[in-house]
Amino acid sequence: MKLNILTVVVGVLLLAVILELLRRRQLREKYAVLWIIVGLGVIPLAIFPRGLDKVAQLMGVASGVSLVLFLGVIVLLLICTHLSWEVSQLEEETRALAEEVALIRTRLAELDSRELSNDQR
Amino acid sequence: MTSGKRVLIIIPAFNEGESIAKTIAEVRAELPAVDVLVVDDGSSDDTIPTARAAGAIVAPLPYNLGVGGARRLGYLYALRHDYDVAVQFDADGQHDPRYVPEMVDALGEADLIIGARFAGEGEYHARGPRWWAMRMLSMVLSWICRAKLTDTTSGFRACGRPLIEGYARWYPVEYLGDTIDTTVWAARRGYKIRQVPVAMRARMGGVPSHSPIKATVYLFRAMVTLLLALVRR
């Protein structure tokens, strides 16, 4: 029973942190939704660890707990892949921005030197 | 240069303060009619003022993107300023500007011209795994491009409008992507690729690596890059 209390507390804390981050606009909704779904799924399982035993048996997995563990690893892997993808997108976006900044600085230097030569005239 | 084409020489530079002035001066002396763009890749030395003083247009990137990133900016500049031909050039003095007119002329019958070593001109030699990597790359790429290519990792290249447009949008930042990937990309889109034999000189600064471990890693990375380039959508 003690373990149940621990897992429930952890699950609720996780949800609270996400909601607080959302409230402070520190987390984009698209990521928050994902974690809220994960949190809401985990809390009932923390209270009833045997809840998935039937499903596990249907799938040929010995116990519901190992099924949760397996699914948990899969979900984490998917989220990691998704984050790597997001980072790649972000790098591509910052790269495009860096290019534009460089082009603007080039143009600015050109205009500056033109102004200088006009002043000297 | 023949037929009044507007030609831009793109030189990516990362902390090349020592050699950049000499390279620019040589290009401008040899080819007075072309514009020289130095893409500064976030250098921490005096590359920007040196290049500007030597008479080049300087596009300073806010942070280091790698040579592929610098080259894509060069192509973007060429596209926005309506250049007909863009020539990729190295800052370290390896490339000889005397070959540029020949490469630009060769664009009449191809879309991408690679200035190639091992094609009869010059004395450059490589050995061991590095040589195998270069052999393997040139065999596979010659087959893909349906043309004899002896030096596919050469950064000395010239291309016309269609490829300037393509490379301004798409040019990989990954290691070796700037040579292998861009060649395969052009070939798979039906662009004609040819080579012009050139001699390359020893670099003015820096030492080429001869470590066999590095060369083996190079071979491995070249194969990975090539395989990825071949299966890319």
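Values reported hereafter were calculated over all heavy atoms of this structure, with side chains retained and with hydrogens, waters and symmetry mates removed. Note that this is a predicted model, so its numbers are computed, not measured. Each chain gets a letter, A, B and so on, in the order its sequence line appears, and its residues count up from 1.
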Heavy atoms from other residues, nucleotides or ligands near CE of B/Met136 exceed 12 (cutoff 6.0 Å):
yes

A/Ala109, part contacting chain B, at a heavy-atom distance under 4.5 Å
side chain

Counting only heavy atoms closer than 4.5 Å, note whether B/Leu65 contacts chain A via side chain, backbone, both or neither.
side chain

Could you have a look at A/Glu91, A/Arg95, A/Arg105, A/Glu92 and say which one has the most heavy-atom pairs with chain B under 4.5 angstrom?
A/Arg95

Which residues pass the side chain to side chain contact (heavy atoms under 4.5 Å, CB included) test with A/Ile74, not counting sequence neighbours?
A/Phe70, A/Leu78

Within the supplied structure, the quantity of interest is the number of heavy atoms (other residues, nucleotides, ligands) at a distance under 6.0 Å from A/Glu29 CD; does it exceed 12?
no

Apply side chain to side chain contact (heavy atoms under 4.5 Å, CB included) to residues A/Leu103 and B/Leu76 and explain how you reach the verdict.
CA-CA 9 Å; A/Leu103 289 177; B/Leu76 189 61; 3.7 Å; yes

CZ/B/Arg194: more than 12 non-hydrogen atoms of other groups inside 6.0 Å
yes

Please indicate whether A/Leu111 has more than 12 foreign heavy atoms, meaning atoms of other residues, nucleotides or ligands, lying under 6.0 Å from its CG.
yes

Count the heavy atoms of every other residue, nucleotide or ligand shown that sit under 6.0 Å from CZ of B/Arg98, and state whether that count exceeds 12.
no

With a 4.5 angstrom heavy-atom cut-off, which part of B/Leu73 approaches chain A: side chain, backbone, both or neither?
both

Residues A/Ala98 and B/Pro62: closest non-hydrogen pair is O-CD, 3.5 Å

Heavy-atom cut-off 4.5 Å, strictly under: side chain, backbone, both or neither for B/Arg72 against chain A?
both

Could you look at A/Ser113 and say if it's the side chain, the backbone, both or neither that has a heavy atom under 4.5 Å from chain B?
neither

Step through the shown structure and confirm whether more than 12 heavy atoms of other residues, nucleotides or ligands are within 6.0 Å of CZ on B/Arg169.
no

If you apply the rule salt bridge (charged side-chain N to carboxylate O under 4.0 Å, His left out), what do you find for B/Arg80 with A/Glu100, and how did you get there?
CA-CA 11 Å; B/Arg80 298 254 176 104; A/Glu100 293 301 331; 2.7 Å; yes

Quick check on B/Val39 against chain A: is it the side chain, the backbone, both or neither that has a heavy atom closer than 4.5 Å?
neither

